[in-house]
Each structure stands twice: as C-alpha cells, then as structure tokens.
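Below is one structure; the comments refer to it alone.
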Amino acid sequence: MASRAHPVDGDVSPATDGGDLPIKSSPHRHKVGVPPKQNMFHDFMYTFKETFFHDDPLRHFKDQPKSKQFMLGLQSIFPVFDWGRSYNLKKFRGDLIAGLTIASLCIPQDIGYAKLANLDPKYGLYSSFVPPLVYACMGSSRDIAIGPVAVVSLLLGTLLRAEVDPVTNPDEYLRLAFTATFFAGVTEAALGFFRLGFLIDFLSHAAVVGFMGGAAITIALQQLKGFLGIREFTKKTDIIAVLDSVFSSARHGWNWQTILIGASFLTFLLTSKLIGKKNKKLFWVPAVAPLISVIISTFFVYITRADKQGVQIVKHLDKGINPSSFDQIYFSGDNLAKGIRIGVVAGMVALTEAVAIGRTFAAMKDYQIDGNKEMVALGVMNVVGSMSSCYVATGSFSRSAVNFMAGCQTAVSNIIMSIVVLLTLLFLTPLFKYTPNAILAAIIINAVIPLVDIQAAILIFKVDKLDFIACMGAFFGVIFVSVEIGLLIAVSISFAKILLQVTRPRTAVLGNIPRTSVYRNIQQYPEATMVPGVLTIRVDSAIYFSNSNYVRERIQRWLLEEEEKVKAASLPRIQFLIIEMSPVTDIDTSGIHALEDLYKSLQKRDIQLVLANPGPLVIGKLHLSHFADMLGHDHIFLTVADAVEACCPKLSDEV
C-alpha cells in the first residue's frame with residue numbers, strides 16, 4: 001500500500017475551518033480550457049459522422065470531376081474495376097495455383113457440409129460456384145475463399161430441422177433453406193449499407209472462441225454416424241444424446257468396413273496436415289489430401305463393391321449447373337417469418353466469421369479491407385445464391401489459409417475455384433456415386449479440429465477470467481444443449497460483460513511518484529505517496545445514468561476508508577478530494593447530478609471537491625449546467641499536480 005507523506009516542522013494545515021477551503025492561485029498555472037459553444041445541428045452531425053462514417057468513405061470523391069467520381073463510385077461497389085486495371089500474368093499464375101489448390105479442398109468438403117445442413121450434396125457444390133463469382137467482383141479481400149463452412153452448415157441445418165423435417169417434407173425444407181439464405185444475405189447487405197457493422201463486434205472474441213470450439217466438437221460427434229456406419233442416429237445435437245445413440249447401436253449398428261475406411265483416411269488426413277505444418281513449402285499436401293482420399297476410397301468401394309457389405313455411399317449426384325430457385329423462396333405465409341428468423345441468425349454468424357477471416361489475412365499482407373463493403377458483398381452474394389439453388393456461403397478459414405499459403409494475389413483465385421466446381425458439376429458428379437460417407441465424415445472431422453483453439457482458451461483464462469466465463473458458457477451451451485442455445489449464451493454473456501463494465505466502472509486512488517509531478521494508481525505503483533489532507537481518485541469511465549450513483553457511492557466509500565486509516569495513524573484529516581477526470585470522456589445530466597450531490601455532501605463535512613483535467617465535452621457540460629459555477633472555477637485544474645500544489649503548496653513542493 002502507498003505511504004502517506006508526513007507533515008514536517010513548520011508546515012501549516014492545508015485548509016482552514018468553515019466554508020469553502022482556500023486554494024492558492026498561481027499566475028503560472030494554466031486554466032482548463034472551455035471549448036466554444038457548438039451549434040446543436042453541427043454537434044449532432046459530428047456525432048452521427050463519427051458513429052457511422054468514421055472512415056470518411058467519400059473523401060476520395062472530393063474535388064474530383066464527374067467522370068472521375070463515377071469511376072470511383074463504380075470501383076467502390078465493384079473493386080474488381082480497381083485492382084483489375086493492374087492485373088497481369090504474374091498475378092494470374094499465383095491465382096491459378098491457389099484456385100486449383102482450394103478447389104481440390106472445397107469439392108469434398110462441400111459434399112460433406114451439405115449433409116451437415118441436411119441437404120443433398122449437390123447444393124454444397126452449387127454454393128461454391130455462384131457465390132465466389134459474385135464475391136470476386138464485389139469483395140475487397142484478396143485472400144478469403146468463399147463457400148459453405150461447417151459451423152454455419154450445422155447451425156442452418158439445426159434451425160431448419162426444428163421447423164421442418166427434411167426426411168418427411170424435403171421440398172418444404174429446401175424452400176425454407178433458400179428463404180433463410182435470402183434473408184441471411186439481406187441482413188448482411190443491410191448491415192453494410194446502413195454502416196451497422198459494429199453490431200457484430202458485440203460478440204466478443206472469447207465468446208466466438210467458445211462457440212466455435214463447441215460447434216466443432218458437435219460437428220465431429222455428428223460425423224460418427226457416417227464414420228461408424230450407423231443407420232439409425234439421433235436428430236439431436238447435444239453430446240449426451242449423440243453418445244447415447246452411438247453406444248446404443250454398438251452391438252448391431254456399427255460396420256467394421258466403414259470404420260476401417262474412415263479411420264485409415266482420417267489418419268492419412270491428419271498426417272498430411274502435420275506434414276504441411278512442419279514444412280510450409282508442402283502446404284499443398286494437406287490441401288489435396290481430401291480429394292486424393294475421395295478418389296482412392298471411391299475407387300476402393302467400387303472395385304470391392306463394399307456398398308453391398310453395408311458401407312454407406314453418396315449414391316446419385318445430379319449433373320448440371322445451378323437451376324433457378326427464385327420461385328421457391330417464401331415471400332408470404334408462415335414460412336416467411338421462419339425464414340427471416342433463421343436467416344438473420346445464420347447471416348450474423350456467417351458475417352462474424354467472414355469479416356474476422358478477412359481482417360486476419362489483410363493484416364498479414366498489410367492492406368486494408370472495408371468491413372461495411374465486405375458485408376454488402378457477402379450479402380449480395382447470398383441473395384444471388386439463394387436465387388440459384390445455393391445455401392448460406394461465407395469465408396472459410398481452412399480454405400482461406402490454403403489460398404493464402406498457395407500465393408493468391410487477388411480474388412481471381414475464387415473465380416478459378418468456381419470454374420473447377422463448374423466443370424465438376426457438368427462432367428464429374430457421376431464419379432462420386434460410390435464415395436463412402438465415412439470419407440466425408442473423416443474430411444469434416446479433419447477440417448473442424450483447428451476450430452477447437454485450446455491455446456486461445458488458455459490465454460483468455462490467463463488474461464481475463466470474465467472473458468473465460470463467456471468462452472466456457474458458449475462452449476458448454478453448444479455441446480450440452482444445442483447450437484442455437486450456445487449462440488444465445490455467447491451473445492448474452494457478451495452483453496452482460498458490456499453492461500457490467502458500463503455500470504461498474506473502475507476507480508483508483510492516486511499517489512505521487514517520488515521526485516516527479518506524476519500521480520498514478522497506488523496499487524500499480526506501491527512506492528507512490530499520498531499527500532496529507534488530500535485524497536485523489538481517478539474515475540476510469542464516462543459518467544452516465546447507468547453508473548452515476550455507483551461512481552458517487554464508490555468515491556464516498558474510498559473517502560470513508562481513507563478517513564479511517566488517517567484517524568488510526570493520527571495524520572491530518574482529509575480536507576481536499578481531487579477527482580482526476582482525464583479518462584471521463586463524457587458525462588450526462590445524471591452524472592452531473594451525482595457530482596452535485598457529492599459536492600453538497602462534502603461541503604457538510606468541510607471537505608472541498610476539486611476536479612483535475614476534465615475533457616472538452618465534460619467541461620463544456622459542467623459550464624452549461626452551472627456546476628462549474630457552483631464548484632468554483634478556481635477548483636478546476638489542468639493536472640492533479642496543479643491541484644495538489646494549490647491545495648497544499650508547501651507539502652507538494654517537498655514531495
């Protein structure tokens with residue numbers, strides 16, 4: 001604990017009895033500046049601009065001729081017109097290699113992810129054909145690879161199955177999937193267009209880590225059906241129901257040929273991933289391993305006719321490109337509301353994942369992406385996709401990582417991938433007839449393992465215990481209840497943390513760092529000394545209606561505790577309470593009333609309230625409310641050191 005400097009012989013008391021305590025003025029002391037009064041409209045427009053247009057997106061249009069403004073507008077909506085002008089053969093070579101590499105990864109993944117969403121495998125391939133083409137024209141990320149992803153597929157499948165049974169009513173289920181995809185796109189595009197992208201930041205990093213980890217385990221457990229060859233499997237996603245279904249079918253439901261295929265190729269996939277991690281030049285090994293696994297396992301099943309021995313296979317996969325599905329989207333009726341609700345949830349999760357991936361790789365390559373433009377691009381992509389038999393697509397971390405490692409230069413790698421998927425749809429789909437479900441399960445398990453980020457969870461635990469609670473709450477909510485409940489827990493805990501931080505801001509007692517004029521938290525700097533007769537407190541937050549009473553009561557409690565210590569040590573009583581207001585970025589009328597109540601309470605106890613370094617917004621409001629007049633302008637200082645010097649001139653000189 002910080003020590004309190006003792007008065008020396010010859011010192012006088014820093015105050016006299018009764019009334020406002022005297023403050024020594026100094027001609028060299030700077031006064032706190034009061035900003036000029038702002039026009040209410042200008043003040044509102046400034047706040048509006050900082051909230052929604054902090055990046056000043058129209059700055060490039062200023063002082064430009066109409067033709068240039070038109071071209072800039074076109075490039076803003078379609079970035080392909082910007083980077084396309086400098087595109088060359090060297091960049092194409094990098095994009096070609098990257099596109100072919102991620103195509104070899106996405107084709108087997110798409111077939112498996114479609115099954116997670118309870119859809120026919122062809123819809124997974126459809127979703128890696130049209131959406132990447134749209135994104136390549138409108139997206140600003142050079143590295144993100146577009147297509148179906150495991151978490152969104154599982155979430156969409158879970159939410160849809162809660163409304164419609166995909167087995168008994170497949171047509172209605174498919175229509176609801178397209179409807180949800182349409183409104184997922186509308187949600188994403190609306191958030192970007194109205195510049196509300198900051199809303200996705202309310203889902204904290206810790207909650208996302210927990211949710212993704214729980215979803216990964218849930219996805220892996222769901223794959224046990226195909227991995228073990230179980231025919232009768234639970235429709236629930238919680239770990240207890242899944243494990244009960246697995247072990248209850250152990251005697252008669254497992255197929256040893258299926259297990260052999262799944263285990264062998266999962267080992268191969270994990271080994272190839274390990275090779276790629278150890279030698280970065282061999283990044284292509286884990287990328288092509290899934291396709292190699294599909295080819296070998298399909299050939300093996302075909303020549304041995306293992307499907308006759310109980311090995312479940314993909315069976316028929318339709319040839320041809322995406323048919324139109326505009327007429328299948330619900331725009332009226334009961335299913336419209338269901339589609340909107342599911343679409344909003346799926347869209348927000350997809351958006352969170354895509355923007356996080358885009359920012360990660362943009363930081364690695366040192367370029368900027370516009371989050372709001374990304375949202376518009378992702379939204380338009382899913383709206384167009386919903387009209388062409390696609391379900392929700394977003395940025396895939398595994399594919400984007402491979403895309404990055406393969407040396408992609410622009411979004412053309414997505415176009416290359418789409419062309420390969422197109423050729424697959426036109427000519428190669430019959431070859432997947434004998435692909436065993438076990439290999440698809442192995443591919444999905446291999447893909448979701450990195451989503452369980454144990455190192456991130458350990459770091460969260462070390463840094464912030466409250467964040468760790470959010471992480472574990474989301475994690476256990478997903479694996480023990482359901483994906484949607486886990487997501488709800490993640491959002492709820494994130495909001496709860498925000499409310500807790502807003503309503504219970506931190507405060508600290510400050511002391512003087514020896515031989516300096518600096519005042520810092522005495523808990524952080526135990527050597528800091530406190531000036532006799534003065535208590536300095538810092539409030540580390542804006543003071544609003546939600547926390548004003550707490551701030552006032554906490555300051556009074558600090559004062560009471562310090563008075564008890566002073567009395568026990570026979571030191572001079574507290575006569576000045578200095579509030580360091582540098583971190584107080586704003587104050588509302590409730591906050592001002594709290595300061596008024598504190599001032600009146602201190603006056604009754606012959607303690608003078610002093611403010612140090614209020615910001616422009618705060619000092620302006622204190623003047624407008626006349627609290628500055630009530631307190632006295634000579635009780636408002638630029639720094640804590642100035643305040644202490646004025647309150648206790650002799651002691652402050654010696655300290």
Side-chain angles (χ1 to χ4, degrees), residues 109 112-118 148-159 161-162 203-228 230 233-250 259 262-263 265-267 269-270 273 290 345-346 349-350 352-353 356 394 396-398 401 437-461 467-491 493:
Q109 281 187 349
Y113 291 161
K115 286 181 171 290
L116 274 179
N118 305 309
V149 297
V151 174
V152 176
S153 298
L154 176 67
L155 177 64
L156 189 67
T158 304
L159 295 175
R161 190 167 55 192
L203 197 59
S204 69
H205 170 70
V208 171
V209 169
F211 173 75
M212 289 296 185
I217 291 176
T218 301
I219 291 166
L221 290 172
Q222 290 287 307
Q223 300 316 300
L224 292 177
K225 176 185 179 183
F227 196 84
L228 302 174
I230 302 171
F233 200 72
T234 181
K235 293 182 179 179
K236 297 180 180 179
T237 60
D238 63 282
I239 189 171
I240 296 174
V242 171
L243 291 179
D244 179 64
S245 181
V246 168
F247 290 115
S248 63
S249 60
I259 297 172
F265 284 101
L266 180 59
T267 303
L269 291 169
L270 293 174
K273 183 176 287 185
V345 174
V349 174
T352 302
E353 187 170 356
T394 187
S396 166
F397 187 81
S398 60
N437 289 340
I439 191 61
L440 300 178
I443 289 170
I444 292 175
I445 292 171
N446 178 63
V448 299
I449 286 175
L451 296 179
V452 184
D453 197 340
I454 297 174
Q455 292 301 319
I458 292 172
L459 181 62
I460 290 168
F461 175 77
D467 259 359
F468 185 72
I469 292 173
C471 179
M472 291 297 101
F475 177 79
F476 289 119
V478 171
I479 65 172
F480 282 107
V481 188
S482 65
V483 178
E484 60 267 36
I485 293 298
L487 182 61
L488 181 62
I489 291 173
V491 174
I493 294 178

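These numbers were taken from a predicted model, which means no experiment stands behind them.
- In plain terms, the two heavy atoms of Val448 and Ala216 that are nearest each other are O-CB, 3.4 Å.
- Residue Leu159 is tested with Leu487, Val483, Val345 for a side-chain contact (heavy atoms from CB on, under 4.5 Å); the sole match is Val345.
- Here the CD1 atom belonging to Ile479 is positioned 5.0 Å from the CD1 atom belonging to Ile239, to the nearest 0.5 angstrom.
- Residues Asn446 and Lys273 meet the side-chain proximity criterion, which asks for heavy atoms closer than 4.5 Å.
- From Leu228, atom CG reaches atom CD1 of Ile259 across 5.0 Å, with rounding to the nearest 0.5 Å.
- Within the 4.5 Å cutoff, side-chain heavy atoms of Met212 are placed close to those of Val151.
- Counting all heavy atoms, side chain and backbone alike, Ala474 lies closest to Ala207 at CB-O, 3.7 Å.
- Put simply, the side chain of Phe476 does not reach to within 4.5 Å of the side chain of Val481, judged on heavy atoms.
- Atom CG of residue Leu269 and atom CD1 of residue Ile444 lie 11.5 Å apart, to the nearest 0.5 angstrom.
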Verdict with reasoning, Lys225 to Thr234, per side-chain contact (heavy atoms from CB on, under 4.5 Å)
CA-CA 9 Å; Lys225 176 185 179 183; Thr234 181; over 6 Å; no

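- One distance of note links CZ of Phe227 with CG of Leu224; it measures 8.0 Å at 0.5 Å rounding.
- Residues Ile449 and Leu270 have side chains in contact (heavy-atom distance under 4.5 Å, counting atoms from C-beta outward).
- With Ser249 contributing its side chain and Ser245 its backbone, the two residues share a donor-acceptor pair below 3.5 Å.
- Closest approach of Gly226 to Ala441, counting heavy atoms only: C-CB, 4.2 Å.
- Phe461 CZ: 12 or fewer foreign heavy atoms inside a 6.0 Å radius.
- For the atom pair Lys115 NZ and Leu154 CG, the distance stands at 15.0 Å (nearest 0.5 Å).
- The two residues Ala350 and Thr394 make their nearest non-hydrogen contact at O-OG1, 2.7 Å.
- Annotation for Ala442 and Gly262: closest pair CB-O, 3.9 Å, computed over non-hydrogen atoms.
- Inter-residue side-chain proximity for Asp244 and Lys236 is flagged as unmet; no heavy-atom pair is nearer than 4.5 Å.
- Considering all non-hydrogen atoms of both residues, Ala346 and Leu156 come closest at CB-CD1, 4.2 Å.
- Around the CZ atom of Phe397, the shell of radius 6.0 Å holds no more than 12 heavy atoms that belong to other residues, nucleotides or ligands.
- Among residue pairs with one or both ends in residues 203-214, those qualifying as side-chain hydrogen bond (donor to acceptor under 3.5 Å, both in side chains) are Ser204-Ser494; sequence neighbours excluded.
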What do the steps show when you test Phe480 against Asp238 for side-chain contact (heavy atoms from CB on, under 4.5 Å), and what is the final call?
CA-CA 5 Å; Phe480 282 107; Asp238 63 282; 5.6 Å; no

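- The backbone N or O of Ile217 lies less than 3.5 Å from no partner atom in the side chain of Gln222, so there is not a single donor-acceptor pair.
- Formation of a donor-acceptor pair under 3.5 Å by the Arg161 side chain with backbone atoms of Lys235 is found in this model.
- Once rounded to the nearest 0.5 Å, the distance linking CG of Leu440 with OH of Tyr113 reads 11.0 Å.
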